[in-house]
Amino acid sequence: MLKIYNTLSRRKEEFKPINPPHVGMYVCGPTVYGDAHLGHARAAITFDLLYRYLKHLGYKVRYVRNITDVGHLENDADSGEDKIGKRARLEELEPMEIVQRYTNSYHHNMEQINTLSPDIEPHASGHIIEQQVFTEKILKNGYAYESNGSIYFDVEKYNQKYHYGKLSGRKLEDLISNTRDLEGQEEKRHPYDFALWKKATPGHIMKWPSKWGEGYPGWHIECSTMSTKYLGDIFDIHGGGMDLLFPHHECEIAQSTAALGKESVRYWMHNNLITINGQKMGKSLGNAISLNEIFSGNHRLLEKAYSPMAVRFFILQAHYRSTLDFSNRAIQSSEKGLERLLEGMETLKKIKPATTSTYNPEELSKKCMEALDDDLNTPVLISHLFEGVKQIHLIASGKGSLSADDLQKMKGLYDTFVFDILGLEPEEKQAQSAITEKLVNLLLDLRLEAKKRKDFDTADNIRAHLLENGIEVKDTPGGYEWQWK
RNA sequence: GGUCGGUUGGCCGAGUGGUUAGGCAACGGUCUGCAAAACCGUGUACAGCGGUUCGAAUCCGCUACCGACCUCCA
């Protein structure tokens with residue numbers, strides 16, 4: 001039975017869909033004004049894992065992940081400007097050109113790390129009207145007010161009936177004393193009120209007409225609007241990064257509750273952040289490593305390039321609710337661990353069935369399921385898979401055996417957990433043309449003959465040269481194996 | 001300042017009242033012409049101080065340190 005940690009209750013809860021076998025799942029996607037970084041990968045992989053596992057359990061999942069392509073307010077010296085618009089001016093591009101470029105780039109990266117596409121990927125810019133309608137509902141219910149062409153959410157009014165801060169564990173009184181003074185807040189009744197619709201300043205390039213004048217939607221309204229549009233007023237799971245918990249998700253709850261009179265989300269799930277040298281990685285901190293940089297090794301903090309699968313495995317080796325500290329050393333150990341796991345699966349393929357079994361794959365399978373059922377505990381799952389690899393080697397070296405039936409189960413288990421659920425895939429080996437293969441085999445045949453003559457100088461020479469060219473040779477009794485390194 | 005979370009062996013990272021997490025690295029051995037791979041074996045880990053308990057890394061309290069959120073962020 002699957003248990004997931006619900007941020008709302010701060011404990012693990014049994015997962016019960018509202019309308020089984022259907023599951024609705026909404027995840028906050030990227031704001032497309034820059035390349036995706038490690039943090040985007042972690043969120044995407046966390047919820048990809050959940051998506052894959054729910055499907056494995058037989059649920060019919062609708063996975064919705066948005067693309068934020070409407071500029072949000074940026075709070076720096078150029079306050080009032082939005083990110084996408086600012087980027088567009090710098091690069092002298094149409095805002096939608098920026099959006100398209102980074103959306104494409106995001107999709108490409110997500111494909112590289114082997115995440116499945118969401119079933120629906122709504123764009124905020126394609127739902128301006130819905131967001132206006134949603135805002136009107138909140139206005140009509142009396143939880144928002146118009147001020148100088150902008151619409152703000154009335155947090156205090158809301159808090160009289162509901163609890164603003166229930167998700168992040170805050171009280172309004174605390175918020176009152178802790179809200180920073182920001183520019184341009186005279187329009188708001190209270191500093192913690194937030195915009196549902198913002199009037200466009202003259203220089204603002206991304207804007208749409210509305211009954212309140214030219215403007216653009218507020219920071220949080222797109223998620224309330226699009227999640228309920230595609231998943232219904234009440235749906236099962238809402239996910240996102242820990243950093244979105246407040247204020248973003250808190251505001252979402254307030255908006256949806258104010259508009260619909262009920263809470264939309266049953267289970268709130270948050271993945272933790274990736275740190276670099278113990279510090280949060282973030283664009284604003286300038287220490288974010290983009291996925292393109294990781295895959296190319298082109299970043300001052302990187303000793304070398306790391307493959308998409310090394311990144312995926314690295315992320316899965318930590319529990320999604322723990323911070324994960326990135327370092328060359330840490331990801332290199334994951335890289336090697338993944339190799340060992342995949343090689344174990346190759347070894348498994350070569351095992352010949354026996355009449356009896358010394359190992360029970362079903363117990364392993366059970367333990368793996370239990371790990372996932374326990375709030376997606378992938379590190380424990382992976383540790384079980386490594387235990388299994390130990391058994392595979394034992395059996396392959398003749399110190400154990402598997403019946404044909406158990407062998408089949410073992411293979412099925414690994415395919416299911418490693419490929420289908422963890423979403424790992426064998427590294428792409430260097431393209432092997434038939435002619436290369438023949439030449440390598442020819443060299444190794446010659447080496448074998450040299451070895452028979454006890455001409456070890458020649459044999460070692462061939463092996464060393466092949467290794468220089470990325471080919472690793474392993475001797476076997478009376479023969480050899482080789483692979484691209 | 002407020003709120004929340006963390007501190008596990010050389011590194012990463014699970015666990016959470018009594019039993020080996022796991023990976024990487026290291027060391028010894030088997031195998032090998034030598035390697036590689038594989039296998040076998042090896043680590044007196046739970047920030048500090050008190051308390052509860054037959055028993056605590058795990059519960060409680062205090063202290064120290066680190067981090068996150070409170071501002072756009074995965």
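Excluded from the calculations below are hydrogen atoms, water molecules and symmetry mates; all remaining heavy atoms, backbone and side chain alike, are included. Just so it is clear: chains get the letters A, B, ... in the order the sequence lines come, proteins before strands, and each one is counted from 1.
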Roughly how many Å apart are [M] and [N], using the [atom1] atom of each and rounding to a whole number?
{"N": "B/rA45", "M": "B/rU8", "atom1": "P", "result": "14 Å"}
{"N": "B/rA25", "M": "B/rA38", "atom1": "P", "result": "10 Å"}
{"N": "B/rA74", "M": "B/rC40", "atom1": "C1'", "result": "44 Å"}
{"N": "B/rC59", "M": "B/rU53", "atom1": "C1'", "result": "10 Å"}
{"N": "B/rC27", "M": "B/rA64", "atom1": "P", "result": "41 Å"}
{"N": "B/rU3", "M": "B/rA26", "atom1": "C1'", "result": "43 Å"}
{"N": "B/rC65", "M": "B/rG28", "atom1": "C1'", "result": "38 Å"}
{"N": "B/rC60", "M": "B/rU7", "atom1": "P", "result": "14 Å"}

Between [X] and [N], is there a contact of a side-chain N or O with OP1 or OP2 at under 4.0 Å?
{"X": "A/Lys474", "N": "B/rA35", "value": "no"}
{"X": "A/Arg340", "N": "B/rG23", "value": "yes"}
{"X": "A/Asn377", "N": "B/rG15", "value": "yes"}

Note to self: Counting neighbours of NZ on A/Lys3 that are heavy atoms of other residues, nucleotides or ligands and sit closer than 6.0 Å, is the number greater than 12?
What the structure shows: no
Notebook entry, point to check: Should we say atom CD of A/Glu111 is surrounded by more than 12 heavy atoms from elsewhere, each under 6.0 Å from it?
Noted result: no
Notebook entry, point to check: Quick one: side-chain hydrogen bond (donor to acceptor under 3.5 Å, both in side chains) partners of A/His108, sequence neighbours excluded?
Noted result: none
Please report, rounded to the nearest Å, how far the [atom2] atom of [N] is from the [atom1] atom of [X].
{"X": "A/Tyr359", "N": "B/rC39", "atom1": "OH", "atom2": "P", "result": "14 Å"}
{"X": "A/Arg170", "N": "B/rG5", "atom1": "CZ", "atom2": "C1'", "result": "12 Å"}
{"X": "A/Leu467", "N": "B/rA37", "atom1": "CG", "atom2": "P", "result": "11 Å"}
{"X": "A/Met242", "N": "B/rC70", "atom1": "CE", "atom2": "P", "result": "13 Å"}
{"X": "A/His249", "N": "B/rC69", "atom1": "NE2", "atom2": "C1'", "result": "13 Å"}
{"X": "A/Ile462", "N": "B/rA36", "atom1": "CD1", "atom2": "C1'", "result": "16 Å"}
{"X": "A/Lys166", "N": "B/rC4", "atom1": "NZ", "atom2": "P", "result": "17 Å"}
{"X": "A/Asp243", "N": "B/rC4", "atom1": "CG", "atom2": "C1'", "result": "15 Å"}

Compute whether any side-chain donor of one residue and acceptor of the other, for [X] and [Y], lie under 3.5 angstrom apart.
{"X": "A/Glu121", "Y": "A/Asn66", "answer": "no"}
{"X": "A/Tyr106", "Y": "A/Asp35", "answer": "no"}
{"X": "A/Asp236", "Y": "A/Tyr26", "answer": "no"}

Nearest-nucleotide pick for [X], side chain only, options being [options]:
{"X": "A/Glu387", "options": "B/rC69, B/rA25, B/rA21", "result": "B/rA21"}
{"X": "A/Leu273", "options": "B/rA68, B/rC70, B/rC39", "result": "B/rA68"}
{"X": "A/Phe386", "options": "B/rG22, B/rC24, B/rA74", "result": "B/rG22"}
{"X": "A/Ser383", "options": "B/rG22, B/rA14, B/rC70", "result": "B/rG22"}
{"X": "A/Leu244", "options": "B/rC69, B/rC12, B/rA74", "result": "B/rA74"}
{"X": "A/Gln317", "options": "B/rC73, B/rA25, B/rG23", "result": "B/rG23"}
{"X": "A/His393", "options": "B/rA74, B/rG33, B/rA38", "result": "B/rA38"}
{"X": "A/Leu324", "options": "B/rA74, B/rG33, B/rG13", "result": "B/rG13"}
{"X": "A/Ala318", "options": "B/rG13, B/rU71, B/rC12", "result": "B/rG13"}

Which base, if any, makes a Watson-Crick or G-U wobble pair with [N], both distances under 3.5 Å?
{"N": "B/rG55", "value": "none"}
{"N": "B/rU3", "value": "B/rA68"}
{"N": "B/rC62", "value": "B/rG48"}
{"N": "B/rA35", "value": "none"}
{"N": "B/rG22", "value": "B/rC12"}

Ignoring hydrogens and geometry beyond distance, is the side chain of [X] in donor-acceptor contact with the base of [N] at under 3.5 Å?
{"X": "A/Arg10", "N": "B/rC4", "answer": "no"}
{"X": "A/Arg329", "N": "B/rA25", "answer": "no"}
{"X": "A/Asp475", "N": "B/rC34", "answer": "yes"}
{"X": "A/Lys280", "N": "B/rC73", "answer": "yes"}
{"X": "A/Asp460", "N": "B/rG33", "answer": "yes"}

Checklist line | Closest-nucleotide 5' rank along RNA chain B - winner of A/Phe314 and A/Leu38 | finding: A/Phe314
Margin query: Pick the closest RNA chain B nucleotide for A/Ser333 and for A/Ala330 by heavy atoms, then say which residue is nearer the 5' end.
Written below: A/Ala330
Is [X] touching bases, backbone alone, or none of the nucleic acid, heavy atoms closer than 4.0 Å?
{"X": "A/Thr347", "value": "nothing"}
{"X": "A/His37", "value": "base"}
{"X": "A/Leu245", "value": "nothing"}
{"X": "A/Gly39", "value": "base"}
{"X": "A/Val27", "value": "nothing"}
{"X": "A/Leu394", "value": "sugar-phosphate"}
{"X": "A/Thr323", "value": "sugar-phosphate"}
{"X": "A/Lys399", "value": "sugar-phosphate"}

Item checked: Flag, side chain of A/Ser365 to backbone of A/Pro361, donor-acceptor distance under 3.5 Å -> no
Notebook entry, point to check: Does A/His127 reach the main-chain N or O of A/Ala124 with its side chain, forming a donor-acceptor pair under 3.5 Å?
Noted result: no
Check: Using 4.0 Å as the upper bound for N to carboxylate O, is an ion pair formed by A/Arg312 and A/Asp48?
Finding: yes
Notebook entry, point to check: Do A/Arg170's NZ or CZ and the ring of A/Tyr164 fall within the cation-pi criteria of under 6.0 Å and 45°?
Noted result: no
Next item on the list: Answer yes or no for this row: A/Phe456 ring on B/rG33 base, centroids under 5.5 Å, planes under 30°.
Entry: yes
